[in-house]
S.K.: 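I'd like to ask some things about the structure below.
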Amino acid sequence: MKPKFAMYWASSCGGCEIAVLNTNEKILDVDANFDVAFWPVAMDAKYKDVEAMEDGSILLTLFNGGIRNDENEEIAKLLRKKSAILVAFGSCATEGCIPGLANLSPAREVVETAYHTVSTENPDNIYPQANYEMPEGVIHIPTMTSRVKTLEEVVDVDYYMPGCPPESHQIAAVLDLVIAVVKGEAELPPKGAVIGVGDSTVCDECDRKRDVKKVSEFTRAHLVGALDPELCLLEQGIPCNGPATRSGCNARCPEAGAQCIGCYGPAPGVVDYGARLISSFASVIDSNDPDEIERILDGIPDPAGQFYRFSLAGSLLKSSKSARNGKVLA
Amino acid sequence: MSEYIFYPGCSLESSAKSYHDSLNIVCEKVGITLNEIDDWNCCGATEYFGINLTPAYALITRNLALAAEKANGTNTVVAPCSACYLNLAKADYYMREQPKLGTQVNLALEAGGLSYKPGSLEIRHLLDVLIYDIGLDTIKSNVVRPLTGLRVAPYLGCMVPRPDYEKRWSDHEHPVELDLLLEALGAEVIDFPLKTHCCGGHMPHIGPETAYEMLHRLLTSADEHKADIMATVCPMCQMNVDAYQGETNQYFGTNHKMPIVFFTQLIGLAFGATPKELGFGSELVSAKKALAKIGTAPPKTKKTRKSKKKAGLPMPQPLPTGIRINEEEVIR
Amino acid sequence: MSQLTPPVHEIEDLTLLEEVAARTAGVSRLEMCIQCGTCGGSCPSADDMDHTPRQLFAMLRAGMREESLKSNTPWICVSCYHCVVRCPQNVHITDVMYTIKGMAVSSSMYESGTASEFSQTFVDMIENYGRSFEFGLATRHYLKHFPLRLPGMASMGIGLLTKQRMAIKPTRIKNMKQLTDILDRAKELGATHE
Amino acid sequence: MTTKSNSHPQERIGVYVCHCGTNISAMVDVEDVAQWAADKLEHKGVVIARDYKFMCSSLGQELVEKDIHELKLTRVVVAACSPHLHEKTFRTACERAGLNPYLCELVSIREQVSWVHTDKVAATAKSKAVLSGGIERVLWHEPLDPMTVPIHPATLVVGGGIAGIQAALEIADAGHPVYLVERDASIGGHMAQFDKTFPTLDCAACILTPRMVEAGMHPNITLMTWAEVENVDGYVGNFDVTVRQKARKVITDLCTGCGICEEKCPKKVIDDVYEAGLGYRKAVYTPFPQAVPNFPVMDVENCIYFDTGKCKACEKFCPTEAIDFTQEDEIVEFPVGNIILATGYDLFDARRVSNYGYGHLENVFTSMEFERMNNASGPTDGEIVLRDGKTVPDSVGIIHCVGSRDMNYNNYCSTICCMQGLKFAHLVQERTGATVYNFYIDMRTAYKGYDEFYQKVLEEGTRFIRGKVAEVTDVARLPNEEGKLIIQAEDTLIGKQRRIPVDMVILSSGLEPRHDAKEVAKTFGISCSADGWYIEKHPKLDPVATMTEGVYIAGCVQGPKDIPSSVAQGAAAAARVIGKIQQKEMALEPVRASVLEDQCSGCRICNDLCPFNAILFHEDTMLSEINPALCQGCGTCVAACPAGAITGTGFSNEQVLAQIEGLLMDMSV
Amino acid sequence: MTEKNDFEPTIVGFTCNWCSYRAADLAGIARIKYPPNVRLVRLMCSGRLDPTFVMKAFAEGADAVMITGCHPGECHYLEQNYKALRRYLLLRRTLVAMGIEAERLHLAWASAAEGIQLAREITEMVERVRTLGPLNWHLNGSQPEVVSEAAIELEEVAA
């Protein structure tokens, strides 16, 4: 009998699922070696079926998406109970990713934005109701948590696999590994390991020429006439997050002339991804004059977005002050 | 064609009309457009501060507020009168140095529906603009009637070179800008040691004797240096030296006949304008005799004590003026 | 620890020196005076002052309110700023002089009225017209203070008039109301601040 | 994510809270703090927490050592005074007990708690917080071994003024090699320009020349004049020095110093250096008769041959064919163990005070001009005369504090100008009998024999006017002012403005840091104050050392001072260096940064951040590496590395983050 | 308001081993008094200041953070305090973008001789933060709190 495989999609865009399918024929190996127990995107399944399973009976669960509502959290806990190996799969699950940027505003504002802005057609001001009386009975819909949380904030996680989405070749490699383990041909990495990545940063995989760094202006690629195709983007004033971002993606973006935006998260051992970038970018500013420095920094109009685009929910501060209202709730 | 916001100041409307007329002619020649602040008010001269601080600064700043409103393209205010120049500059500077003053003044301006953000305008004197924006080359190129043979005493008075909050001038005691300008006109510029000393300010009205003493010092020194005429950048200096020369002579039993005119009148003359349109003749001590000397003597290279090299011990080289006009150091 | 208690800002609690500092535009730096005499040495009208600026500052420090406000020194000051640019301690001397004038006027300490009244007349003109009005100023001021000088000055006056260098009629700015409102508000604020 | 795993094995921590007599216990409930640590921080590994009257006493230290032995402590935290006082004490105690000294942490509850707070409850709470911070931190400490470096016996002394000469002689006499590098053609510095020295009025040349000659001939001193230090690499004990030996155009091995070349040279030039612009020299010249070495140098800018291709008079007449127009600069490299900077000062440029008229009014002179004029070997053969070269002045005004104690120029007091002004007053009186006026703000005549000198000058009838001079002018107001220089000042003692007509004005100008002080400081890796004076390690207790190990300062480079103090500092710096040399090797704090190779992506962000050039980049491996000997341990690169690939011993991320956690520990729990 | 004024802020101060830490010692030796709200961390140089430390301090419940170093041009390591300055300016922008008042992060220069100045800086900082009120990052948002319409209404009332 084949070991069970599960994949779940919480607060995320679904790109991770596509990335898994992008492994092409490798997906057949999954089918060949696993019995897919639970994968809402791929096949119909009910939570109660999972609840019915024996604890730890699912060998491998790839959990993608962050925790934005009580349903996400409930299923996360359920799958934790039922899985032997729980992988935080993709940027959302590991560090909150783009949905995590919602942590810059209070949950209420998020709801407002969704249900009450010019772009919303909602004449009768209908808001989602936690419970709704229907002739068939009361309907419950998931309620939002105050902020987006990473998977590890709500359950114990075995492995982390960053990326938005994880590169298919990395997924393939991980699947191979697990299969090999199943066949008893390989060892699992130590618990808590980050898998499907390199052990350095994007620069390691980037072929661009680089010199000592002195930045006298931060700008945006589309504002620069012609970028030097050979030279390090940061040295050309493009705030490229490559230096601080975990390697493993083959430096796709910088190689293609677009700055790295950091979807692979921080390098090993790093406590706060954004802090690393703040420190390194500031360090190479080519001025000692406060006003001049401020002028140069104006080239980074949205620091929170620049440094925490993917990692806000997983950062030390996790959210903006307004998102926690500075209030202590019992 | 360079545009500036223009604050003429009260005296240019009356006692210093010749300054106004002549500077218009000169500015047109060198391609300066002056947009007068409309409905500007008096700057309070040196009098208002002594009566009541906050209104004094509010009074000045109303002009800056109006100027800032109409500032399109340029943010430079040009003031030809040195008292006005200083007061505008001072208000702008102190409102920055002492934010408390800034808030108070703006609270006052509110009452008139105005406001001014200190530092948003650049306040400069006409001489500064002519030297550093237009440049000596342009001035020279417009000279059609060199003032050769005319010995001029350059006289700036106090409030242009001092206190010089923005460090715009080459020196507080012996600035060279006016000298260079007048030389460019072909005039023979004397090294006037009292060029930034006081003309008596408001003293003629308060303690005349004090004023006479100061005027006496100026006139004596100018005479000693055989100046034909004094050229000034300040209406008050012009008024005091001109109008109270008679009384000074009476008081000391001297017989100074030193005409004093505005530097723009001399520029205009060199540019070929007629004495009449430049307002010559409005001075009380007539400049006729002086003007008659123009062209009489060939241009002399200016004699200063510096270049006076006798046998004996070598003199130290004077410091470079530190003034830079289109990127090159002008030594004098 | 005194140096740790933040400075008090209510004027009435302050000593004379601090009051002067508080009423001076910009930062007076009076407390920095080292009594070197550069100001007194530079002053073109020092001979007519009953105290040199340096002495005046010493008096302010000593809290000699009456003596310093009665002094003619600030009124003799011609605002030439020689002392200001030469002062090794960068004391804003000229502006302190204005402050003392102001305090003398508001406390009506300074007796010899000539100077203060000249300023007052000048200010009246401005408050009426928004512009200075030399003719009115001259006539009013001289009739009151130097009637004897008038004949001597007649020729000069006539000269100025004939050469159209003095208007007999004042010019008034258009938006006089705006200016008045501003000045009135400023006076209220000034009052609270003094 | 990958977070700091609390993976250090259970450590055994000893906590010691000091009463410091009552210095701490008066404001902090030390028993409570110790008790609290024992109870609340047991889970962190605290096995013993004691409070003791004087931890730094031998008994206190033994207490620690005993516990280390008996309780098998693996970490020690002492809550007492500032680590700058007793860190070493307790580290040594640990070492004696066989525990690596760097496993001990000191937290300050005296300077930063008991002495500065007034509420005992709050102070006690804060003490607990900082203690808990220290405990969290010490868990992440690692055993470290101080690195020792050998000390090269040679010393570089930069600057051949009196301070440099003194330092060089002291070290050379102790038997160690010295390189004495001087930018000018001769050693001697400013002192060689003076005539008399205050307060004893002995002749500068008479006391200086012998020392110059001694330095020139000393077997242990390599004298390099007309030379400049271009670059310094390395670190204490092992500096590599690069010196540019400027081309003299004179072959020193052949030159006998006979002076014929100078005599025959047709080109006369104003000597702005030695003669302070008051006299002339030739295009090939020895700066002054007693110059050491006595070889001339050629001033290429002014040499007729270099200008027109003709002349060569010097070459023609040189009896030993020592002139070499083709001579080029030479680069000389050598290793030294220590460096003494004695590069001195520049004289304040009095022309900047335009109201004193120097450079404008003929008969205004600077102090250095007067020194030369007054010097028997000077341009006037010691005659005190006006600029015309003949008239002897009847009255002389001496102005103190020129360019000093003035926010428009220099804020500081140049310390020597008062005595200089008094010296001038005396000399003028003695040699011309002229009436002398001294204008001063405050008369500063501290130090031995100085005020006595003031008394002497008072006796001689010099007129003292207390007031900073406002201006010097030649614009006369009264007949008696005609043709004179008028010094205008307030006589602050009578409160009146005075105008004093004199024939001659002498400006007692202040001292300034060398115009290139900041660049030089960079070359030697030391720091200067905002004005440009070099900063000593401690203003009182370590006045000649700098923050950079192995680099010392002496003389005016550290701040304006007179000859006695300069000499004293020269000797003091030498003593420090000799001490170092005799240690043969020295230990360096093992606070260093290092790169984790597999984590370094070679992004090169750190490369330009190190002022000590300790970070090098390997193009081949695309990795950055840190030279531990050059690294001073500031940790800037550690903080900057975007990949977290640089670690710093002693101040690692883990240590600091843990300390922060500890500091903010919730006390209520 | 009143509730704000009796609030005792907790401030973490990062000091340079060569200047500001010695200044703190000096303040002690001179027995200059200042409030006990600041807890100092000793670094070798303000250049060692890693923004992570600041984030950590806030996350762990500090109400404000103070960074101190040698005066510009006087750094013991020549110029590293300029790097601290650059980081401080960018860090402050980022924190502000995350809704933390700029006043909660303060950079002050203090030489080893400036005990009085440092003490004054600390006193003024404590006062500023007192009026800002608590930050309590360590308390909020850590435990899941449900935002229902009820909660929304509550907030609206509060707002």
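Remember, it's a predicted structure, so these values are computed and weren't measured experimentally. All chains are named by letter (A, B, ...) in the order of the sequence lines, taking the proteins before the strands, and each is independently numbered beginning at 1.
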S.K.: Using every non-hydrogen atom in the two residues, find where B/Ile51 and C/Ser116 come nearest and quote the distance to one decimal.
M.R.: CD1-O, 4.2 Å
S.K.: Got B/Pro208 and C/Phe146 here, is their nearest side-chain heavy-atom distance under 4.5 Å?
M.R.: yes
S.K.: Which one wins on heavy-atom pair count under 4.5 Å against chain B: C/Gln178, C/Met125, C/Met176?
M.R.: C/Gln178
S.K.: Which bit of B/Leu101 is near chain C, if near means a heavy-atom gap under 4.5 Å: side chain, backbone, both or neither?
M.R.: side chain
S.K.: Considering only heavy atoms and a distance below 4.5 Å, find which of C/Met103, C/Met156, C/Lys101 pairs most often with chain B.
M.R.: C/Met156
S.K.: Taking side chain as C-beta onward, heavy atoms only, is B/Asp38 less than 4.5 Å from C/Lys174?
M.R.: yes
S.K.: Checking heavy atoms, do the side chain of C/His141, its backbone, both or neither come under 4.5 Å from chain B?
M.R.: side chain
S.K.: Go through C/Val123, C/Asp47, C/Thr162, C/Thr180 and name the one with the most non-hydrogen pairs under 4.5 angstrom from chain B.
M.R.: C/Val123
S.K.: For each of B/Cys10, B/Ala211, B/Gly113, tally heavy-atom pairs with chain C at distances under 4.5 Å, and name the one with the top tally.
M.R.: B/Cys10
S.K.: Return yes if some donor-acceptor pair links the side-chain N/O of B/Gln98 with the main-chain N/O of C/Ala25 below 3.5 Å, else return no.
M.R.: no
S.K.: To check you understand the geometry: which heavy-atom pair defines the closest contact between C/Lys187 and B/Tyr48, and what is its length?
M.R.: CE-OH, 4.0 Å
S.K.: Please look at B/Thr196 and chain C and tell me whether the side chain, the backbone, both or neither of the residue comes under 4.5 angstrom of a heavy atom of that chain.
M.R.: both
S.K.: Among B/Tyr93, B/Tyr57, B/Tyr244, who wins on heavy-atom pairs under 4.5 Å with chain C?
M.R.: B/Tyr244
S.K.: Could you please spell out the steps behind the side chain to side chain contact (heavy atoms under 4.5 Å, CB included) verdict for C/Met166 and B/Ser14?
M.R.: CA-CA 6 Å; C/Met166 242 203 279; B/Ser14 53; over 6 Å; no
S.K.: If we define contacts as heavy-atom pairs under 4.5 Å, which of B/Cys42, B/Ser11, B/Cys158 has the most with chain C?
M.R.: B/Cys42
S.K.: Could you give me the CA-CA distance, side-chain angles and deciding distance for C/Thr171 and B/Glu13, then say whether side chain to side chain contact (heavy atoms under 4.5 Å, CB included) is met?
M.R.: CA-CA 9 Å; C/Thr171 10; B/Glu13 304 280 287; 5.7 Å; no
S.K.: With chain C, which of B/Gly44, B/Gly207, B/Gly279 has the greatest number of heavy-atom pairs at distances under 4.5 Å?
M.R.: B/Gly44
S.K.: Can you tell me how far apart CD (C/Gln120) and CG (B/Asn52) are? Round to the nearest 0.5 Å.
M.R.: 9.5 Å
S.K.: Walk me through whether B/Glu213 and C/Ser45 qualify under side chain to side chain contact (heavy atoms under 4.5 Å, CB included).
M.R.: CA-CA 9 Å; B/Glu213 167 62 31; C/Ser45 46; over 6 Å; no
S.K.: Return yes if some donor-acceptor pair links the side-chain N/O of C/Arg131 with the main-chain N/O of B/Asn41 below 3.5 Å, else return no.
M.R.: no
S.K.: Looking at B/Met159, B/Arg217, B/Met239, B/Lys90, which has the largest count of heavy-atom pairs under 4.5 Å with chain C?
M.R.: B/Lys90
S.K.: Under 4.5 Å between any side-chain heavy atoms of B/Arg62 and C/Ile173, yes or no?
M.R.: yes
S.K.: I need the residue from C/Ile76, C/Asn72, C/Asp184, C/Val105 with the largest number of non-hydrogen atom pairs under 4.5 Å to chain B.
M.R.: C/Ile76
S.K.: Can you say whether B/Arg96 sits under 4.5 Å from chain C via the side chain, the backbone, both, or neither, judging by heavy atoms?
M.R.: neither
S.K.: Please check this pair: side chain of C/Arg165 against backbone of B/Ser15, looking for a donor-acceptor N/O pair closer than 3.5 Å.
M.R.: yes
S.K.: For B/Glu47 and C/Tyr98, which I'm curious about, is there any donor-acceptor pair between the side chains at under 3.5 Å?
M.R.: no
S.K.: Distance check, rounded to the nearest 0.5 Å: B/Thr54 atom OG1 versus C/Leu189 atom CG?
M.R.: 6.5 Å
S.K.: Just so I know, are the side chains of C/His92 and B/Glu97 near enough to count as touching, which here means a heavy-atom distance under 4.5 Å?
M.R.: yes
S.K.: Using non-hydrogen atoms and a 4.5 Å limit, figure out which bit of C/Asp48 sits close to chain B: side chain, backbone, both or neither.
M.R.: side chain
S.K.: Is there a side-chain contact between C/Tyr142 and B/His205, using heavy atoms and a 4.5 Å cut-off?
M.R.: yes
S.K.: What is the minimum heavy-atom distance between B/Cys198 and C/Pro44, and which atoms define it?
M.R.: CB-CG, 4.2 Å
S.K.: Which bit of B/Asp242 comes within less than 4.5 Å of chain C, counting heavy atoms only: side chain, backbone, both or neither?
M.R.: side chain
S.K.: Just do the ring-ring contact (aromatic ring centres under 6.0 Å, His included) check on B/His197 and C/His82 with the steps written out, would you?
M.R.: CA-CA 8 Å; B/His197 280 236; C/His82 256 124; 4.9 Å; yes
S.K.: Nearest 0.5 angstrom please: C/Arg86 CZ to B/Glu173 CD, how far?
M.R.: 4.0 Å
S.K.: Which answer fits C/Tyr129, side chain, backbone, both or neither, if we ask what part of it has an atom under 4.5 Å from a heavy atom of chain B?
M.R.: neither
S.K.: What is the distance from atom OG of C/Ser79 to atom CZ of B/Arg162, rounded to the nearest 0.5 Å?
M.R.: 11.0 Å
S.K.: So which atom in C/Ala115 and which in B/Ile206 form the shortest heavy-atom distance, rounded to 0.1 Å?
M.R.: CB-CG2, 3.6 Å
S.K.: Need one label for C/Glu127: side chain, backbone, both or neither, based on atoms under 4.5 Å from any heavy atom in chain B.
M.R.: side chain
S.K.: Side chains of B/His172 and C/Tyr81: is there a donor and an acceptor less than 3.5 Å apart?
M.R.: no
S.K.: What residue, out of C/Thr99, C/Thr94, C/Val85, C/Val84, has the most heavy-atom pairs lying under 4.5 Å from chain B?
M.R.: C/Val85
S.K.: Kindly determine whether B/Leu59 and C/Leu179 satisfy side chain to side chain contact (heavy atoms under 4.5 Å, CB included), including the steps that lead there.
M.R.: CA-CA 7 Å; B/Leu59 179 80; C/Leu179 180 58; 3.8 Å; yes
S.K.: Just by modelled atom types, is the B/Gly281 backbone N or O under 3.5 Å from a matching donor or acceptor in the C/Lys163 side chain?
M.R.: yes
S.K.: Is the number of heavy atoms from other residues, nucleotides or ligands within 6.0 Å of CD (C/Gln164) greater than 12?
M.R.: no
S.K.: Looking at B/Ala58, B/Pro163, B/Gly246, B/Gly201, which one has more heavy-atom pairs under 4.5 Å with chain C than the rest?
M.R.: B/Pro163
S.K.: So, the side chain of B/Asp39 versus the backbone of C/Asn175: is there a donor-acceptor pair under 3.5 Å, distance only?
M.R.: yes
S.K.: A quick test of your reading: do over 12 heavy atoms of other residues, nucleotides or ligands sit less than 6.0 Å from NZ of B/Lys167?
M.R.: yes
S.K.: Using only heavy-atom distances, determine whether the side chains of B/Tyr94 and C/Asp95 contain a donor-acceptor pair under 3.5 Å.
M.R.: yes
S.K.: Side chain, backbone, both or neither: which part of C/Ile126 has a non-hydrogen atom closer than 4.5 Å to chain B?
M.R.: side chain
